[in-house]
Participant: 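Let me give you the structure first, and then I'll get to my questions.
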Amino acid sequence: MALRLFNTASQQLEDFTPLNPPTVRMYTCGPTVYNYVHIGNFRTFAFQDILRRWLAYRGYHLDHVMNITDVEDKIIRGAMAENKSLREYTQQYEDAFLEDSATLRLQKPERIARATEHIDEMVEAIQALTEGGHTYVSEGSIYFRIATFPRYGRLSRLHVEGMQAGARVDMDEYEKDDARDFVLWKAQRDGEPGWDTPLGPGRPGWHIECSTMANKYLGDTLDIHTGGIDLTFPHHENEIAQAECISHKQFVRYWLHAEHLIVEGQKMSKSLGNFYTLRDVLQRGYSPEAIRYRLTAVPYRNKLNFTFADLDAAETAIDRLRNFALRLETGKFKEGKCPEVEARIARARTEFETDMDDDLNTAGALGAIFEYVRETNAAMDSGEFCAGNVEDAKALLSAFDRIFDVLTPTPREGSLSDAEVDALIAERQRARMERNFKRSDEIRDELAAQGIILEDTRDGIRWKRK
RNA sequence: GGCGCGGUAGCCAAGUGGUAAGGCAGAGGUCUGCAAAACCUUUAUUCGCCGGUUCAAUUCCGGCCCGCGCCUCCA
């Protein structure tokens, strides 16, 4: 069965085939680094990570570019307020973003591109648009004239002709001929950082960076372009206009948009006090894996209601999977191979893959995995599961973890080493043999205080870190 | 108003024209020196409401109610 993805452009599920297999050329809209990235942003980035990993699972070779928007109004305001250079100001947040992404185990795109390092290319793009008659100048700034691109609005299905100049306050504070037009190049104003270019002193508009960098690194036509659903309009619409007016080719073949995350049923906003960065959530003691699990367990086209109760549930759900993995490692099973068990594992894998192929139905895929875990646990309890089934069982679990990546606990600093734990356990076992339960319970409590949980199972003692 | 999404057990959530996956929580059980941990079993006569199509609808169609997003800051 082929991978099917929901294309915003067609509003339909489509079979996915890249233009030049096995390479998939993908561009994702990255963060604007004017602050710490919040968990809503990470919902989208986590989706992109799942997409990446599933494409790789399906044998595709990724050529993925993500941008870092490091010049923009809010950045300029922040940098000027702190009396820092643009670079000084953005570097701290870019570093934090990369660190947070690593914490959430988001795979790095093949290339991360900063807007400020592509000014020349953007200038060239704007010049090309000007040559094509798509621009005009107003008060030194250069605008894209939407009237020159008849297909404008097709992606978002918005009736742009209904938007009239003056219908709303012009947030850009610049004069435009038509409210629908958008800025390509902003003229420099007093004290603001800028670049001296053939276009005059100034800085690029937001939209031009993405289409320019995407085309530079991935060619005229990309296979996939993704971002949050709010970027559909106007950002992606504008990217299409820019790119296609220059290349006269289709800019993107598959547009994928992630729905938003809401918090406790409400839109996340600073005024409601439900605005969280990843760091905020980690400080409450939640593991990165639980956050990653929660962010990816709900299929990307559904709204994700982020609650702390659900994070607790995620921690427990991950424990269940880890316990199963531990049982596969440490369990003692009779020799041979049970064909029924083998068949069930194969069926579970098919279900897992079918769900993932179905527009990345992560909830369904997780369902298949948990069902497999329960069935296999039961087979182990009944003695039906054999040593010869271990390899298949492990293979499926690791296939799952290649995508979800939650099984390995994030190490904690300052905890006991494995050897120290083993030594204490051995001492406890001696105490138990001597029926010195006082001492054995002491050791158990001591380990528990260090986050080490002992399990006395029928196959012997085993332990894990909490 | 325009465009779009959703309403499935206490919570999260998948799903199909033939009678409801999975996770968490709850209940029961197994194991154990006691525990803990773990594992197993169990929990929706029902899928927002009302009509219609059909032998059969949660799943298709129409209407209604409710919640939400976007409509040039925004993942």
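Computed from a predicted structure; not experimentally measured. Just so we're on the same page: letters track the sequence lines, and every chain starts at 1.
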Participant: Base, sugar-phosphate, or nothing: which does A:Pro31 touch, judged by heavy atoms less than 4.0 Å apart?
Facilitator: nothing

Participant: Whole Å only: how far is the CG atom of A:Leu366 from the C1' atom of B:A21?
Facilitator: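 Interatomic distance, CG of A:Leu366 to C1' of B:A21: 12 Å.
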
Participant: Report yes or no: does A:Asp95 contribute a side-chain atom to a donor-acceptor pair with the main-chain N or O of A:Gln92 at less than 3.5 Å?
Facilitator: no

Participant: May I ask you to evaluate whether A:Asn302 reaches the phosphate of B:A14, defined as a side-chain N or O under 4.0 Å from OP1 or OP2?
Facilitator: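 Indeed, a polar side-chain atom of A:Asn302 lies that close.
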
Participant: NA contact type, A:Arg428, heavy-atom cut-off 4.0 Å: base, sugar-phosphate, or nothing?
Facilitator: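 Counting heavy atoms under 4.0 Å across all strands, the contact made by A:Arg428 includes a base.
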
Participant: Quick one: label A:His38 by what it contacts on the DNA or RNA (base, sugar-phosphate, nothing), any heavy atom closer than 4.0 Å.
Facilitator: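 Base, at least one base heavy atom under 4.0 Å.
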
Participant: Of the nucleotides B:A75, B:G23, B:C39, which has the atom closest to the A:Thr44 side chain?
Facilitator: B:A75

Participant: Could you please name the option among B:A38, B:C3, B:C74 that lies closest to any side-chain atom of A:Arg462?
Facilitator: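 My answer, after comparing the listed nucleotides, is B:A38.
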
Participant: When the C1' atoms of B:A13 and B:A44 are compared, how many Å lie between them, rounded to an integer?
Facilitator: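 The answer is 14 Å between these two C1' atoms.
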
Participant: Just call it for A:Gly228: base, sugar-phosphate, or nothing, with non-hydrogen atoms closer than 4.0 Å on any strand.
Facilitator: sugar-phosphate

Participant: Give me the distance, rounded to whole Å, that separates B:U58 from B:U19 when you measure between the P atoms they each carry.
Facilitator: 12 Å

Participant: Is there a side-chain polar atom (N or O) of A:Arg320 under 4.0 Å from OP1 or OP2 of B:C40?
Facilitator: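 So the side-chain polar atoms of A:Arg320 do come within 4.0 Å of the phosphate oxygens OP1 or OP2 of B:C40, strictly under.
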
Participant: Please classify the nucleic acid contact of A:Ser440 as base, sugar-phosphate, or nothing, using heavy-atom distances under 4.0 Å.
Facilitator: base

Participant: Can you check the A:Met380 CE to B:A38 C1' distance for me, whole Å?
Facilitator: 12 Å

Participant: Can you measure A:Leu454 atom CG to B:A37 atom P for me and round it to whole angstrom units?
Facilitator: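 In whole Å, B:A37 P lies 12 Å from A:Leu454 CG.
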
Participant: Does the structure show a Watson-Crick or G-U wobble partner for B:C70, both distances under 3.5 Å? Name it, or say none.
Facilitator: B:G2

Participant: For A:Leu261, which contact category applies under a 4.0 Å heavy-atom criterion: base, sugar-phosphate, or nothing?
Facilitator: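 Base contact.
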
Participant: Determine whether A:Tyr27 and A:His64 make a side-chain contact, defined as any pair of heavy atoms from C-beta on separated by less than 4.5 Å.
Facilitator: no

Participant: Any donor-acceptor pair under 3.5 Å joining the side chain of A:Asp355 to the base of B:G15?
Facilitator: no

Participant: Where each residue is assigned the nucleotide of RNA chain B containing its nearest heavy atom, which of A:Asp312 and A:Asp441 is assigned the position nearer the 5′ end?
Facilitator: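 Looking at RNA chain B, the more 5' nearest nucleotide goes with A:Asp312.
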
Participant: Please determine which of A:Asp359, A:Thr44, A:Thr362 meets the side-chain hydrogen bond (donor to acceptor under 3.5 Å, both in side chains) test together with A:Tyr300.
Facilitator: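 That would be A:Asp359; it is the only one of A:Asp359, A:Thr44, A:Thr362 passing the side-chain hydrogen bond (donor to acceptor under 3.5 Å, both in side chains) with A:Tyr300.
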
Participant: Taking the same atom, P, in B:C61 and in B:C5, what whole-Å distance lies between them?
Facilitator: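 After rounding to an integer number of Å, I get 13 Å for this pair.
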
Participant: For nucleotides B:C40 and B:G51, find the distance between their P atoms and express it as a whole number of Å.
Facilitator: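 B:C40 and B:G51 have their P atoms separated by 43 Å.
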
Participant: Any sub-3.5 Å donor-acceptor pair from A:Ser382's side-chain atoms to A:Ala379's backbone N or O?
Facilitator: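 It does hold such a pair.
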
Participant: Starting at CG of A:Asn35 and ending at P of B:A75, how long is that distance when rounded to a whole Å?
Facilitator: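 Nearest whole value for this atom pair: 11 Å.
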
Participant: Using a cut-off of less than 4.0 Å, is there contact between a side-chain N or O of A:Asn377 and OP1 or OP2 of B:A38?
Facilitator: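 A:Asn377 to B:A38 OP1/OP2: no side-chain N or O under 4.0 Å.
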
Participant: Give me the distance, rounded to whole Å, that separates B:G7 from B:A14 when you measure between the C1' atoms they each carry.
Facilitator: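 That atom pair is separated by 15 Å.
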
Participant: Answer yes or no: does a side-chain N or O of A:Lys267 lie under 4.0 Å from OP1 or OP2 of B:C70?
Facilitator: yes

Participant: Report the nucleotide, chosen from B:A37, B:G15, B:A75, that has the shortest atom-to-atom distance to any side-chain atom of A:Asn361.
Facilitator: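 Nearest nucleotide to the side chain: B:G15.
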
Participant: Heavy-atom nearest nucleotide on RNA chain B for A:Gly227 versus A:Phe437: which residue maps closer to 5'?
Facilitator: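 Per heavy-atom nearest nucleotide, the more 5' residue is A:Phe437.
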
Participant: Stacking between B:G69 and A:His260, yes or no? Criterion: centroid separation under 5.5 angstrom, plane angle under 30 degrees.
Facilitator: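 Given the distance and angle limits, no, they do not stack.
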
Participant: For the side-chain hydrogen bond (donor to acceptor under 3.5 Å, both in side chains) test, which of A:Asp49, A:Thr410, A:Asp405 pairs with A:Arg292?
Facilitator: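 It is A:Asp49, the one option of A:Asp49, A:Thr410, A:Asp405 that forms the side-chain hydrogen bond (donor to acceptor under 3.5 Å, both in side chains) with A:Arg292.
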
Participant: Has the side chain of A:Arg444 got a donor or acceptor that lies under 3.5 Å from a partner of the other kind on the base of B:A35?
Facilitator: yes

Participant: Distance between the P atoms of B:C11 and B:U45, in whole angstroms?
Facilitator: 14 Å

Participant: Of the candidate nucleotides B:A21, B:A75, B:U72, which contains the atom at the shortest distance from the side chain of A:Arg180?
Facilitator: B:U72

Participant: Does the ring of A:Phe370 lie flat against the base of B:G23, closer than 5.5 Å centre to centre with planes under 30°?
Facilitator: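 So no, this residue does not stack on that base, at least one cut-off failing.
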
Participant: Could you tell me whether the side chain of A:Tyr372 and the main chain of A:Ala393 form a donor-acceptor pair under 3.5 Å?
Facilitator: yes

Participant: Would you tell me if any nitrogen or oxygen in the side chain of A:Arg327 comes within less than 4.0 Å of OP1 or OP2 on B:A38?
Facilitator: no

Participant: For a 4.5 angstrom cut-off between non-hydrogen side-chain atoms, does A:Arg114 reach A:Met213?
Facilitator: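 With C-beta onward as the side chain, the pair stays apart.
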
Participant: How many Å lie between CG on A:Asp358 and C1' on B:U16, as a whole number?
Facilitator: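 Between C1' of B:U16 and CG of A:Asp358: 12 Å.
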
Participant: Roughly how many Å apart are B:G18 and B:A27, using the P atom of each and rounding to a whole number?
Facilitator: 36 Å

Participant: Remember a base hit wins even if backbone is also touched, and classify A:Arg294 as base, sugar-phosphate or nothing at under 4.0 Å, heavy atoms.
Facilitator: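 The residue A:Arg294 makes sugar-phosphate contact but no base contact.
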
Participant: Under 4.0 angstrom, heavy atoms only, what part of the nucleic acid is A:Val37 near: base, sugar-phosphate, or nothing?
Facilitator: nothing

Participant: Please report the distance, rounded to the nearest Å, between CH2 in A:Trp255 and P in B:G4.
Facilitator: 19 Å

Participant: Name the residue from A:Ile369, A:Leu366, A:Asn361 that meets the side-chain contact (heavy atoms from CB on, under 4.5 Å) definition with A:Asp355.
Facilitator: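 Passing option: A:Asn361.
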
Participant: CG of A:Asp381 versus C1' of B:A38: gap in Å, rounded?
Facilitator: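 Spelled out: CG on A:Asp381 to C1' on B:A38 is 9 Å.
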
Participant: Among B:U72, B:U41, B:C24, which nucleotide has an atom closest to any side-chain atom of A:Phe233?
Facilitator: B:U72

Participant: Taking atom P in both B:U30 and B:A35, what distance in whole Å separates the two?
Facilitator: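 One P to the other, the span is 12 Å.
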
Participant: In whole Å, what is the span from the NE2 atom of A:His236 to the P atom of B:C71?
Facilitator: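 Atom NE2 in A:His236 sits about 14 Å away from atom P in B:C71.
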
